[in-house]
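Let me begin by presenting the structure, written as structure tokens, before commenting on it.
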Amino acid sequence: MAKKNNIPQVKNEEQYEALRDKGYSKQKSARIANTPDSGTKGGRSSKYEERTKQELYEKAQQVGIKGRSKMNKNELIEALRTN
């Protein structure tokens, strides 16, 4: 999915399109498709509930969730899942 105006390309276009077809937002689809291991299965990341509030905050910061500094752990989890 080549973009114009110096916008970066999506690394895994096939995965990006599949995610868009499932109803994911453009931002979330691009973020997932641009991960180094996009398209591979078997990831073993810990569940959000098992992470500390600080870990969730840092993830929310990476993703760009606004208002994260005022969120509690449950709100951070919900924001990460819906973004």
Side-chain angles (χ1 to χ4, degrees):
M1 184 179 127
K3 295 269 187 172
K4 295 180 182 179
N5 303 327
N6 296 326
I7 298 173
Q9 292 183 349
V10 173
K11 292 179 183 176
N12 188 335
E13 294 179 32
E14 184 177 316
Q15 185 182 32
Y16 174 85
E17 293 300 330
L19 292 167
R20 291 292 294 143
D21 290 343
K22 287 183 178 181
Y24 285 71
S25 69
K26 290 179 182 180
Q27 180 185 20
K28 187 169 187 175
S29 298
R31 186 172 59 247
I32 293 169
N34 283 334
T35 58
D37 59 352
S38 68
T40 61
K41 291 186 177 183
R44 299 287 178 221
S45 64
S46 61
K47 295 180 181 178
Y48 286 142
E49 289 79 9
E50 296 172 357
R51 298 183 193 185
T52 66
K53 182 181 177 187
Q54 183 62 36
E55 291 170 325
L56 294 169
Y57 177 86
E58 290 169 4
K59 183 66 176 174
Q61 189 175 27
Q62 289 174 350
V63 174
I65 295 174
K66 295 184 188 289
R68 62 188 173 272
S69 64
K70 293 179 173 53
M71 294 181 185
N72 63 34
K73 184 174 178 176
N74 289 332
E75 291 169 331
L76 285 167
I77 291 170
E78 181 65 23
L80 288 165
R81 286 193 172 139
T82 59
N83 185 1

Practice task
Determine, step by step, whether L76 and K73 satisfy the side-chain contact (heavy atoms from CB on, under 4.5 Å) criterion, reporting the C-alpha distance in whole Å, the side-chain angles of both residues, the deciding distance to 0.1 Å, and the verdict.
Solution key: CA-CA 5 Å; L76 285 167; K73 184 174 178 176; 5.5 Å; no
Exercise for the section: Quick one: pull up OH in Y16 and NZ in K26 and give me the separation to the nearest 0.5 Å. Expected result: 6.0 Å
Handout entry: Rounded distance [0.5 Å steps], OH in Y48 versus CG in L56
Key = 8.0 Å
Fill in the blank from the handout: Distance col, row K22:NZ vs L19:CG, nearest 0.5 angstrom, shows 6.5 Å
Practice task
Kindly compute the distance separating CD (E17) from CZ (R20), expressed to the nearest 0.5 Å.
Solution key: 8.0 Å
Exercise for the section: Identify the heavy atoms of S29 and Y24 that sit nearest to each other, and give their distance. Expected result: OG-CB, 3.2 Å
Handout entry: Separation of K59 NZ from R68 CZ (nearest 0.5 Å)
Key = 13.0 Å
Exercise for the section: Evaluate whether atom CD of E55 has more than 12 neighbouring non-hydrogen atoms of other residues, nucleotides or ligands under 6.0 angstrom away. Expected result: yes
Problem - side chain to side chain donor-acceptor pair (under 3.5 Å) between Q54 and E58, intermediate numbers included - result: CA-CA 6 Å; Q54 183 62 36; E58 290 169 4; 3.0 Å; yes
Exercise for the section: State, yes or no, whether a side-chain contact exists between I32 and K28 at a heavy-atom distance under 4.5 Å. Expected result: yes
Exercise for the section: Would you check if M71 and I65 make a side-chain contact, meaning some heavy-atom pair closer than 4.5 Å? Expected result: yes
Exercise for the section: Apply salt bridge (charged side-chain N to carboxylate O under 4.0 Å, His left out) to R81 and E49, showing your working. Expected result: CA-CA 12 Å; R81 286 193 172 139; E49 289 79 9; 2.9 Å; yes
